Amino acid sequence: TLLIYVASLRDKFKRKRFWFMLTFWNTVATSLAQTKSVFVSLVVASSRGSPGSPGARILVLPDGSQTGTIGGGALESRTLQRALVALRSG
């Protein structure tokens, strides 16, 4: 379990976004406890017209199941293909 302390999240959008982030990383931790390998992709920067915004993230498991999104489209499709190749090659 991941424990994160936040002193104050005033607006509703920030609380919702924080809850999603906490849920996502708890899912990663749980998956790591159950599986030897997971693949996490995180958008750190984007240019105009890119589908993913900074902070978008996706978790891919060896069976191909996923949690989250990095914006869809070709970028996410390529990322999923690369994730499965990496997970299956060990």
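All values derive from a computational prediction rather than experimental measurement.
- Looking at every heavy atom in both residues, Pro54 comes nearest to Ala45 through CG-CA, 4.1 Å.
- Put simply, Trp25 and Phe39 are part of two different groups of oily side chains (I, L, V, M, F, W, Y) that touch within less than 4.5 Å, one to the next.
- Annotation: side chain of Pro62 is in contact with side chain of Thr35 (closest heavy-atom distance under 4.5 Å).
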For this session: Start with the C-alpha distance between Arg57 and Val43, add both sets of side-chain angles, then the distance that settles side chain to side chain contact (heavy atoms under 4.5 Å, CB included), and finish with yes or no.
Result: CA-CA 6 Å; Arg57 55 208 160 273; Val43 177; over 6 Å; no
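- Side-chain atoms of Ser65 do not come within 3.5 Å of backbone N or O of Leu61 as any donor-acceptor pair.
- Here the straight-line distance linking atom CZ of Phe24 with atom CG of Leu42 works out to 8.0 Å at 0.5 Å rounding.
- Following chains of ILVMFWY side-chain contacts shorter than 4.5 Å, one can reach Val60 starting from Ile70, so the two form part of one hydrophobic cluster.
- In this structure, Leu32 is a member of the same hydrophobic cluster as Val40, with clusters built from ILVMFWY side-chain heavy atoms closer than 4.5 Å.
- Between the CD atom of Gln66 and the CG atom of Leu59 there is a distance of 9.0 Å, given to the nearest 0.5 Å.
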Below 3.5 Å, can you tabulate the donor-acceptor pairs from side chains in residues 77-89 to any protein atom, sequence neighbours excluded?
| residue | atom | partner | partner atom | Å |
| --- | --- | --- | --- | --- |
| Thr79 | OG1 | Leu75 | O | 2.8 |
| Ser89 | OG | Val85 | O | 3.1 |
| Ser89 | OG | Ala86 | O | 3.1 |

